[in-house]
Amino acid sequence: MKKFNITVPVIMKTEDELNEQERRLLAEAKEATFRSYSPYSHFSVGAAVMLEDGTIVPGSNQENCAYPSGLCAERTALFFANSRYPDQAVTILCCVARDTSGNFTLRPIPPCGGCRQVMVETEERFGRPMQVMLYGTDGIYFIPSARDLMPVNFDSSYLE
Ligand code: THU
């Protein structure tokens with residue numbers, strides 16, 4: 001028997017420590033929460049992805065009365081970015097949420113498993129890592145790549 005641990009490298013920054021690019025991305029993700037359509041959960045999520053040429057594409061969660069038909073903010077942003085700019089790699093994804101009282105969450109907001117799977121495939125598709133920036137008012141987590149958030153993941157190589 002062998003045992004091994006998988007560790008996730010995380011850098012935590014305060015808002016003051018963000019560089020100009022990260023600040024712009026965060027501002028777009030925050031703004032996107034105000035375009036969330038979340039009449040069922042009242043949980044407004046905003047995401048923004050930065051492309052390699054510096055273009056920022058925002059997205060927000062879009063719910064539906066048939067619950068599974070809705071989509072998370074991260075996938076809304078990623079799918080739109082990949083359909084509008086199919087040749088541009090995604091370099092950073094930022095995710096932000098406002099809770100049912102309308103306040104930004106204290107804890108950094110983590111993407112769900114389905115979004116992580118899509119993020120990993122986006123990395124694979126463009127052959128480069130996507131940095132993940134998770135915002136909370138208590139601190140902002142930076143994870144170097146989506147794969148770090150989803151180790152032992154299923155990918156297209158298993159289909160071969
Ligand atoms: N949601 C996101 O948009 N992103 C996440 O990372 C977690 C959850 C959405 C889905 C649903 O509209 C609402 O938040 C409550 O789960």
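Order of listing sets the numbers, starting from 1, for every ligand and every atom in it. Sequence positions, counted from 1, serve as the residue numbers for this chain.
Of the protein's heavy atoms, Ala73 N, 2.9 Å lies nearest to atom 3 (O) of ligand 1. Asn61 ND2, 3.6 Å is the protein heavy atom nearest to atom 9 (C) of ligand 1. Scanning the protein for heavy atoms near atom 4 (N) of ligand 1, the closest one is Glu74 OE1, 2.8 Å.
Geometrically, Arg98 engages Phe34 in a cation-pi contact, judged by NZ or CZ lying under 6.0 Å from the ring centre and within 45° of the ring axis.
Considering Ser41, Pro110, Ser36 only, the shortest heavy-atom separation from atom 15 (C) of ligand 1 involves Ser41. Around atom 8 (C) of ligand 1, the closest heavy atom drawn from Cys72, Ala47, Cys115 belongs to Cys72.
Using a 4.0 Å cut-off to heavy atoms of Val45, the atoms of ligand 1 that qualify are 1 (N), 2 (C), 3 (O), 4 (N), 9 (C), 14 (O). Of all atoms in ligand 1, numbered sequentially from 1 with element shown, those under 4.0 Å from a heavy atom of Cys112 are 6 (O). Interface of Glu63 with ligand 1, defined as ligand atoms under 4.0 Å from a residue heavy atom, comprises 11 (C), 12 (O), 13 (C). Residue-ligand proximity, Pro111 to ligand 1, at heavy-atom distances under 4.0 Å covers atoms 6 (O). Atoms of ligand 1 found under 4.0 Å from any heavy atom of Phe43 (numbered from 1 in listed order, with element): 14 (O).
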Steps toward side-chain hydrogen bond (donor to acceptor under 3.5 Å, both in side chains) verdict (Asp16, Thr14): CA-CA 5 Å; Asp16 295 342; Thr14 62; 4.7 Å; no
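In this structure a side-chain-to-backbone donor-acceptor pair under 3.5 Å is present from Glu63 to Tyr40.
Side-chain atoms of Asn61 and Ser36 form a donor-acceptor pair, as typed in the model, at a separation below 3.5 Å. Donor-acceptor pairing under 3.5 Å is lacking for the side chains of Gln62 and Thr76.
Across all their heavy atoms, Val49 and Ala81 have their closest contact at CG2-CB, 3.8 Å.
Rounded to the nearest 0.5 Å, atoms CZ (Arg147) and CZ (Arg116) are 14.5 Å apart.
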